[in-house]
Amino acid sequence: MVIGLLLFLTGRLAWIMIFRSEFYGQKAEDLHERERSIKAARGEILDRNGVVLASNQSVCTISVIHAQIEDAEEVIRVLSEELDMSEETVRERVEKVSSIERIRTNVSKETGDAILAYDLAGVKVDVDYKRYYPYDELASRVIGFTGSDNQGILGLEVMYEEYLAGTAGKILTLTDASGVEIEAAGERRQEPVSGHDLVISLDYNIQCYVQQAAETVLEEKEADAVSVILMNPQNGEILAMVNLPEYNLNDPFTLNTVTEENLTDEETQDLLNEMWRNPSVSDTYEPGSTFKVITTAAALEENLVSLEENFYCPGYKVVEDRKIRCHKTGGHGSETFTEAIMNSCNPVFIELGLRLGASAFYHYFEQFGLLEKTGVDLPGEAATIMHAEDAMGQVELATVAFGQSFQITPLQLITTVSSLINGGTRITPHFGVCVEDEDGEVLETFTYPEQENLVSAETSETLQYLLEKVVSEGTGKNGAVEGYSVGGKTATSQTLPRSENKYISSFIGFAPADDPQVIGLVVIYNPQGTYYGGTVAAPVMQEIFKDVLPYLGIEQSEEK
């Protein structure tokens with residue numbers, strides 16, 4: 001038995017030493033190996049002209065290896081002072097028995113170098129990267145930000161994470177059985193791989209023009225918020241998206257409108273979530289009279305109205321048991337349909353809605369894409385809130401026809417109107433243009449779905465004509481720009497509950513009217529004093545177009 005046992009042990013030892021030596025050698029090395037990660041440089045986000053909107057700063061991660069510390073008290077003292085941390089917190093981490101303990105990340109390079117100069121045994125200073133936004137608040141609700149691990153959290157940062165992130169590297173060191181680093185073994189490094197750069201359609205200069213105009217009206221009208229979208233209606237490229245108040249991307253956890261005093265953690269988080277939210281994409285509202293563009297398109301497609309058809313507006317229209325008023329309480333009197341859209345006359349559009357009926361109206365909601373999300377490359381897009389078809393009675397038809405009793409996002413509205421005035425092609429609004437490597441070589445160009453024949457070319461041209469009339473002679477006069485042909489539509493809607501008497505002023509405009517190259521939507525939430533869209537919102541678009549149209553090289557009309 002003894003001989004048999006010795007033979008078994010000898011055989012087992014031979015098996016381990018000869019056939020399994022590599023496996024157990026690796027296991028032994030792993031036990032004595034310490035690993036520290038190295039963040040990859042995240043890809044930059046560039047505007048359409050190469051302006052850097054999101055970049056990186058060199059920072060340091062400070063860690064300690066418990067087994068290698070020779071003077072714990074000195075380590076605690078130095079790290080507490082240099083990192084401006086409490087001695088209690090630092091002591092807890094320094095004295096923790098672990099293979100490696102992280103003390104603080106995203107430490108400035110200057111502080112990291114200062115700590116390194118102490119040459120403290122067991123203290124590791126690794127250089128990595130922190131996201132940096134050169135323009136602080138610019139397009140904050142579009143770009144989004146990253147967490148302490150450099151991973152995208154919101155906006156484009158999270159939507160294009162797979163391209164921007166890169167691959168982290170590692171620093172590997174060997175220690176003896178007691179955990180002390182073996183100097184002769186040196187370090188092994190797995191170098192990080194940088195992320196790719198993202199080029200977006202947003203134009204830094206246009207974004208600045210738009211933000212300046214929005215900030216002016218926000219202050220002058222003491223509004224709760226202002227959102228502005230500027231887009232190419234031919235291909236869906238978003239040139240600017242402003243949502244005021246914006247927040248500082250380099251300090252995204254500091255509230256931008258209220259102080260954090262006396263707030264619970266839950267209340268603070270709710271306010272942060274609201275601050276980060278992009279209302280152009282994630283919030284719905286009653287569009288009001290800007291929706292009359294869509295009602296008009298459906299009626300023209302069904303041949304239910306002609307431009308010279310006569311109507312009469314007494315200031316209201318009775319639908320079943322409801323008396324629905326026009327914004328002009330005295331009425332517009334006799335008017336053609338062309339004059340009705342110039343006047344933004346509610347009773348005329350109620351009539352169009354009733355002529356269409358629920359089934360046909362729903363058909364066009366679907367055909368125009370209103371019942372689907374736009375597919376924009378931003379997180380958190382909200383869907384349209386619409387009556388079910390079988391629940392749409394006469395009163396619902398009447399109110400929907402002039403833009404009330406349902407809700408859509410600002411982005412859905414501008415996308416749908418774009419698709420109706422660009423010849424009838426449903427476009428996908430987007431920011432992403434392409435991905436480049438560090439040398440500027442294009443690695444991937446993004447493409448987006450389109451759907452043709454939403455409306456006929458004739459209907460699209462008629463809409464261009466009618467909406468130019470709205471600006472040149474109707475309620476949208478304050479959106480006109482000297483030397484340019486501009487089309488547009490004003491709107492004034494009331495928020496729920498109606499008893500609060502809060503309003504939303506808006507204006508959608510495009511130019512040139514007969515060949516739209518740029519379209520914009522201004523939405524002003526709860527302006528104080530005068531709140532009509534033609535008076536408050538249209539001038540904002542006028543100011544934007546005065547800067548943007550020449551900047552884009554759009555030629556002036558021959559007739560001035």
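The figures that follow rest on heavy atoms only: side chains count, while hydrogens, waters and symmetry mates do not. Quick caveat, the model's predicted, so the values are computed rather than measured.
- Thr216 places a side-chain N or O within donor-acceptor distance of the main-chain N or O of Gln212, the cut-off being under 3.5 Å.
- Nearest heavy-atom pair across Val210 and Ala240 is CG2-CB, 3.9 Å.
- Checked by atom type, the side-chain pair Asn205/Gln207 shows no donor-acceptor distance below 3.5 Å.
- Note: Phe365 and Tyr362 have perpendicular aromatic rings, judged against thresholds of 30 and 60 degrees for the angle between ring planes.
- For Ser280, the side chain to side chain donor-acceptor pair (under 3.5 Å) partners at least two apart in sequence or on another chain are Asn243.
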Let me see the working for Asn248 and Asn256 under side chain to side chain contact (heavy atoms under 4.5 Å, CB included), right down to the final yes or no. CA-CA 8 Å; Asn248 189 340; Asn256 61 351; over 6 Å; no
Side chain to side chain contact (heavy atoms under 4.5 Å, CB included) between Val293 and Thr290, worked out: CA-CA 6 Å; Val293 178; Thr290 49; 5.6 Å; no
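- Between Thr475 and the choices Thr535, Asn343, Thr492, Thr490, the side chain to side chain donor-acceptor pair (under 3.5 Å) rule is met once, by Thr490.
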Report, one line per pair, each donor and acceptor closer than 3.5 Å where one atom sits in a side chain of residues 40-50; sequence neighbours left out.
residue : atom : partner : partner atom : Å
Arg42   : NE   : Glu157  : OE1          : 3.0
Arg42   : NH1  : Asn150  : O            : 2.9
Arg42   : NH1  : Glu161  : OE1          : 3.1
Arg42   : NH2  : Glu157  : O            : 2.8
Arg42   : NH2  : Glu157  : OE1          : 3.2
Arg42   : NH2  : Glu161  : OE1          : 2.7
Glu44   : OE2  : Ser55   : OG           : 3.0
Asp47   : OD1  : Asn49   : N            : 2.8
Asp47   : OD1  : Gly50   : N            : 2.9
Asp47   : OD1  : Val51   : N            : 2.7
Asp47   : OD2  : Tyr204  : N            : 2.8
Arg48   : NH1  : Ser201  : O            : 2.7
Arg48   : NH1  : Glu237  : OE1          : 3.3
Arg48   : NH2  : Glu237  : OE1          : 3.1
Asn49   : ND2  : Asp203  : OD2          : 3.1

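- Side-chain contact annotation: Lys292 with Ser344, donor-acceptor N/O pair under 3.5 Å present.
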Give the intermediate values and the outcome of ring pair (Phe, Tyr, Trp, His ring centres under 6.0 Å) for residues Phe145 and Phe253. CA-CA 10 Å; Phe145 58 91; Phe253 291 91; 5.7 Å; yes
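- Considering every non-hydrogen atom in both Ser289 and Asn346, the closest pair reads OG-OD1, 4.3 Å.
- Distance alone, capped at 3.5 Å, is enough to place a donor-acceptor pair between the Gln517 side chain and the Asp515 backbone.
- At distances below 3.5 Å, at least one donor-acceptor pair connects side-chain atoms of Asp437 with backbone N or O atoms of Asp439.
- Between Gln528 atom CD and Asp224 atom CG the span is 7.0 Å, to the nearest 0.5 Å.
- For Phe291 and Phe406, the gap between ring centers is short of 6.0 Å.
- With rounding to the nearest 0.5 angstrom, the OG1 atom of Thr146 is 9.5 Å from the CG atom of Leu249.
- Using a distance-only test at 3.5 Å, with no hydrogens or angles considered, a donor-acceptor pair links the side chain of Glu286 to the main chain of Ser405.
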Leu138 and Gln211: side chain to side chain contact (heavy atoms under 4.5 Å, CB included), yes or no, with the steps? CA-CA 8 Å; Leu138 190 83; Gln211 182 163 324; 3.7 Å; yes
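- Thr415 contributes no side-chain N or O that, together with a main-chain N or O of Pro429, makes up a donor-acceptor pair within less than 3.5 Å.
- Considering all non-hydrogen atoms of both residues, Thr374 and Thr428 come closest at O-CG2, 3.6 Å.
- No side-chain heavy atom of Glu222 sits under 4.5 Å from any side-chain heavy atom of Pro527.
- Taking 4.5 Å as the limit, every side-chain heavy atom of Asn303 sits out of range of all side-chain heavy atoms of Leu300.
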Could you check Tyr209 against Glu543 for side-chain hydrogen bond (donor to acceptor under 3.5 Å, both in side chains), going step by step and ending with a plain yes or no? CA-CA 9 Å; Tyr209 293 147; Glu543 287 303 310; over 6 Å; no
Checking side chain to side chain contact (heavy atoms under 4.5 Å, CB included) for the pair Thr296/Leu466: CA distance, chi angles, key distance, verdict? CA-CA 10 Å; Thr296 301; Leu466 289 171; 4.0 Å; yes
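- Salt-bridge annotation for Arg277 and Glu274: absent, with no side-chain N of the basic residue lying under 4.0 Å from a carboxylate O of the acidic one.
- Counting only N and O atoms by type, the side chains of Asn422 and Thr425 include no donor and acceptor under 3.5 Å apart.
- Counting non-hydrogen atoms of other residues, nucleotides and ligands closer than 6.0 Å to CD of Glu450 gives a total above 12.
- Gln412 and Thr416 share a side-chain donor-acceptor pair at under 3.5 Å.
- Residues Cys326 and His332 meet the side-chain proximity criterion, which asks for heavy atoms closer than 4.5 Å.
- Ring to ring, Phe446 and Phe431 are not that close: their centroids are 6.0 angstrom or more apart.
- Using modelled atom types and a 3.5 Å distance limit, the side chains of Glu246 and Ser140 yield a donor-acceptor pair.
- Between Pro287 and Ala491 the shortest heavy-atom distance is O-CB, 3.3 Å.
- Using a distance-only test at 3.5 Å, with no hydrogens or angles considered, no donor-acceptor pair links the side chain of Ser282 to the main chain of Ala382.
- Taking the six-membered ring where tryptophan is involved, the planes of His430 and Tyr448 are essentially parallel, since the angle between them stays under 30° and well short of 60°.
- Of the inter-residue distances, the one linking Thr336 atom OG1 with Met342 atom CE reads 7.5 Å to the nearest 0.5 angstrom.
- Residues Val536 and Val540 share a closest heavy-atom pair of O-CG2, 3.5 Å.
- Under 3.5 Å, the side chains of Tyr364 and Glu302 contain a donor-acceptor pair of N or O atoms.
- Under the 3.5 Å distance criterion, with hydrogens and angles disregarded, a donor-acceptor pair is assigned to the side chains of Thr459 and Ser456.
- Minimum interatomic distance between Thr530 and Lys221 (heavy atoms only, all atoms of both residues): O-NZ, 2.9 Å.
- In this structure, the separation between CD1 on Ile341 and CG on Leu352 is 9.0 Å, given to the nearest 0.5 Å.
- Taking the six-membered ring wherever Trp is involved, the centroid distance between the rings of Phe337 and Phe349 falls below 6.0 Å.
- Put simply, the side chain of Asp377 gets close to the backbone of Gly432: a donor and an acceptor are under 3.5 Å apart.
- We find the CG-CD distance between Asp547 and Gln542 to be 11.0 Å, quoted to the nearest 0.5 Å.
- The shortest distance between side-chain heavy atoms of Leu230 and Val548 falls below 4.5 Å.
- Within the 3.5 Å criterion, the main-chain N or O of Gly155 finds no donor-acceptor partner in the side chain of Trp276.
- Atoms CG and CD, on Asn501 and Gln494 in that order, are 6.0 Å from each other to the nearest 0.5 Å.
- For the ring-ring contact (aromatic ring centres under 6.0 Å, His included) condition, the pairs that include at least one residue of residues 493-528, sequence neighbours left out, are Tyr503-Tyr531.
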